[in-house]
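Just so you know, these numbers come straight off a predicted model, no measurement behind them. Chain letters run A, B, ... following the sequence lines, proteins first and then strands; every chain starts at 1. These values consider heavy atoms only, across backbone and side chains, with no hydrogens, waters or symmetry-generated copies.
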2 protein chains.
Amino acid sequence: MRTIIIVEEMNKIKKTKQREAILEILKNTKSHPTADEVYQKVRQKIPRISKGTVYRNLKLLTENKEVMKIDTGGTEGRYDARVENHYHFRCESCGKVFDVDVPVDTELDKKVSQKTGFNITHHVLEFRGFCSDCQKKAIISPSGDKNKEEV
Amino acid sequence: MRTIIIVEEMNKIKKTKQREAILEILKNTKSHPTADEVYQKVRQKIPRISKGTVYRNLKLLTENKEVMKIDTGGTEGRYDARVENHYHFRCESCGKVFDVDVPVDTELDKKVSQKTGFNITHHVLEFRGFCSDCQKKAIISPSGDKNKEEV
DNA sequence: AAGTAAATAGTAATGAGAACTATTATTATA
DNA sequence: TATAATAATAGTTCTCATTACTATTTACTT
C-alpha cells in the first residue's frame with residue numbers, strides 16, 4: 001500500500017501593472033462589470049493589454065478571494081470587489097446587476113444543512129425583476145416576444 | 001406622425017413527438033438535467049433527433065411555463081419540470097443540483113421592492129457546498145488547486 | 001548583472017447555445 | 001380523404017464567452 005501525501009505548492013505570484021489596474025477598476029466601481037467591460041476600461045490605461053490577460057487575472061483574483069465572481073444568471077460572469085457575501089438584483093430587461101443591502105441570513109444555511117445533510121458553505125440570492133429605468137421605458141413587453149408588427 | 005400599433009401574433013404551436021418526449025423526460029426525473037443530458041436521454045427514444053431541436057424545445061417549453069430553466073451558476077443551463085418557485089442546492093465539487101424544500105420567502109421580495117424601488121417579480125436562491133457523496137470522497141481539496149504532488 | 005520562472009500579447013481552440021435552410025410533419029380546410 | 005398552408009425538424013454553420021497555447025517579455029532572486 002502506497003502512502004499518498006498531498007503537497008500544495010505555493011505558486012509565487014508576481015506583481016504586474018495589468019493585474020493591479022484590473023483590481024483598481026473593480027474597487028472603484030459600484031457596478032458589477034463583465035470581463036469585457038473590465039477589458040474596455042483597463043485598455044484606457046494599458047492599451048495593449050490582451051483579453052486573455054484580463055480573464056486570467058480575474059480568475060486569479062477570484063481564487064485569491066480579492067474579488068468575487070457573480071455567476072448567477074445570464075451567460076456572462078460579472079465581477080465584484082466586495083468579497084463578503086451579499087445579495088444582488090438583476091434586471092431581466094437590461095441585464096444590469098445591483099447590490100441589495102439586506103442582511104445575509106446565515107441561519108438559513110445551518111437550518112438547511114441540518115435538514116438535508118449537505119455541507120452548505122453559503123448561499124447566493126438574486127432578486128429578479130425590472131429596474132427603475134426599464135420600468136419607465138417599458139413600452140415593448142420584455143417577455144421575449146418577437147411577433148411584433150408596425151402598421 | 002405615424003401611429004404605431006403593436007400586434008402580437010399568436011403562433012399556433014403544433015404537437016410533435018420530439019417536444020412531448022422532452023417534456024416527458026423532464027417530468028420523470030428528479031435531477032435537473034442539462035440540455036445535453038436531455039439530448040442523450042431523448043436519443044434513446046428518437047435516435048435521429050437533433051441537438052438544435054432539444055434546445056429550441058427547451059426554450060419554448062420554458063417560455064410557455066411548462067418547464068423552468070435554472071440559470072443560476074455555472075455555464076450550462078439546467079431544466080426542471082417543477083415550475084413553481086423553489087430553492088436549490090448546487091454541489092461545488094460535482095456540479096449536481098438538488099431541490100431544497102423550505103418555504104419560499106415571498107415577503108422578502110415585497111420588503112426589498114419597497115426598500116429599493118425595483119419591481120421585483122421573484123428571487124432565485126441557491127445553496128452551495130458539498131453533497132453527501134462528495135463529502136465522503138473528498139480526499140483532494142475541491143478548491144480548484146492544481147499544484148498537487150504524489151510522493 | 002544574470003538566471004529563473006511567472007506573466008504577457010496574440011492567436012487558436014473549446015463549448016454552450018442560437019441561427020439558418022431545405023425538407024418533413026402536423027393541422028386546417030375543401 | 002386529399003390538399004394546401006405553415007410550423008417543426010435535422011443537420012449544418014455561426015456566435016460569443018472563456019480557455020488553452022506559445023513565443024516573448026517582465027518581475028523577482030541570488
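Connection of A:V112 to B:F130 is not established within any shared hydrophobic cluster, with ILVMFWY side chains joined at heavy-atom distances below 4.5 Å, either directly or through further cluster members.
Atom-to-atom, CZ of A:R43 to P of C:dT8 comes out at 17 Å; the value is rounded to the nearest Å. In this structure, A:K45 atom NZ and C:dT8 atom C1' are separated by 18 Å, rounded to whole Å. Atom pair A:L60:CG and C:dT8:C1' shows a separation of 13 Å (rounding to whole Å applied). As rounded to whole Å, 16 Å separates atom C1' of D:dA8 from atom CG of B:L23. One atom, CG of B:N57, and another, P of D:dA7, lie 15 Å apart when rounded to the nearest Å. Separating the CG atom of B:D71 from the P atom of D:dA17 is a distance of 16 Å, rounded to the nearest angstrom. In this structure, the CD atom of A:E20 is 12 Å from the C1' atom of D:dA27, given to the nearest Å. For A:Y39 and D:dC16, the OH to P distance is 16 Å, given to the nearest whole Å.
In this structure, B:F98 has its ring center under 6.0 Å from that of A:F118.
Set against D:dA8, C:dA7, C:dA9, the side chain of A:T16 has C:dA7 as its closest nucleotide. When distances run from any side-chain atom of B:I13 to the nucleotides D:dA8, C:dA7, D:dT9, the shortest one goes to D:dA8.
Among residue pairs with one or both ends in residues 24-73 of chain A, those qualifying as ring pair (Phe, Tyr, Trp, His ring centres under 6.0 Å) are A:H32-A:H88; sequence neighbours excluded.
Side-chain nitrogen and oxygen atoms of B:Q18 include none within less than 4.0 Å of the OP1 or OP2 phosphate oxygen of C:dA25. Here B:T53 does not reach the OP1 or OP2 of D:dA8: none of its side-chain N or O atoms lies under 4.0 Å away.
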Go through the steps for B:H86 and B:D101 under the test side-chain hydrogen bond (donor to acceptor under 3.5 Å, both in side chains), then give the verdict. CA-CA 7 Å; B:H86 60 283; B:D101 285 310; over 6 Å; no
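Put simply, CD on B:E126 and OG1 on A:T72 are 7.5 Å apart, with the number rounded to the nearest 0.5 Å.
Side-chain contact between A:T106 and A:N85 is absent, with no heavy atoms from C-beta onward closer than 4.5 Å.
A donor-acceptor contact under 3.5 Å is not formed by the side chain of A:K14 with the base of D:dT26. Residue-to-nucleotide contacts include no donor-acceptor pair under 3.5 Å from the side chain of A:K12 to the base of C:dA5.
Comparing the start and finish of the helix from C:dA1-D:dT30 to C:dA30-D:dT1, five pairs each, the helix axis swings through 30°, to the nearest 10 degrees.
In plain terms, the two heavy atoms of A:L26 and A:A81 that are nearest each other are O-CB, 3.4 Å. Scanning both residues, B:T62 and B:L58, for their nearest heavy atoms gives OG1-O, 2.6 Å. Looking at every heavy atom in both residues, B:C91 comes nearest to B:C131 through SG-N, 3.4 Å.
Each of A:K17 and B:K17 has a nearest nucleotide on DNA chain D; the 5'-most of these lies closest to B:K17.
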Within the 4.0 Å limit for protein heavy atoms, which parts of nucleotides 10-18 of chain C are touched? Write it as a string from 5' to 3', B for base, S for sugar-phosphate only, - for none. B-----SBS
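Under the 30°/60° scheme for interplanar angles, the aromatic rings of A:H123 and A:Y87 are found to be tilted.
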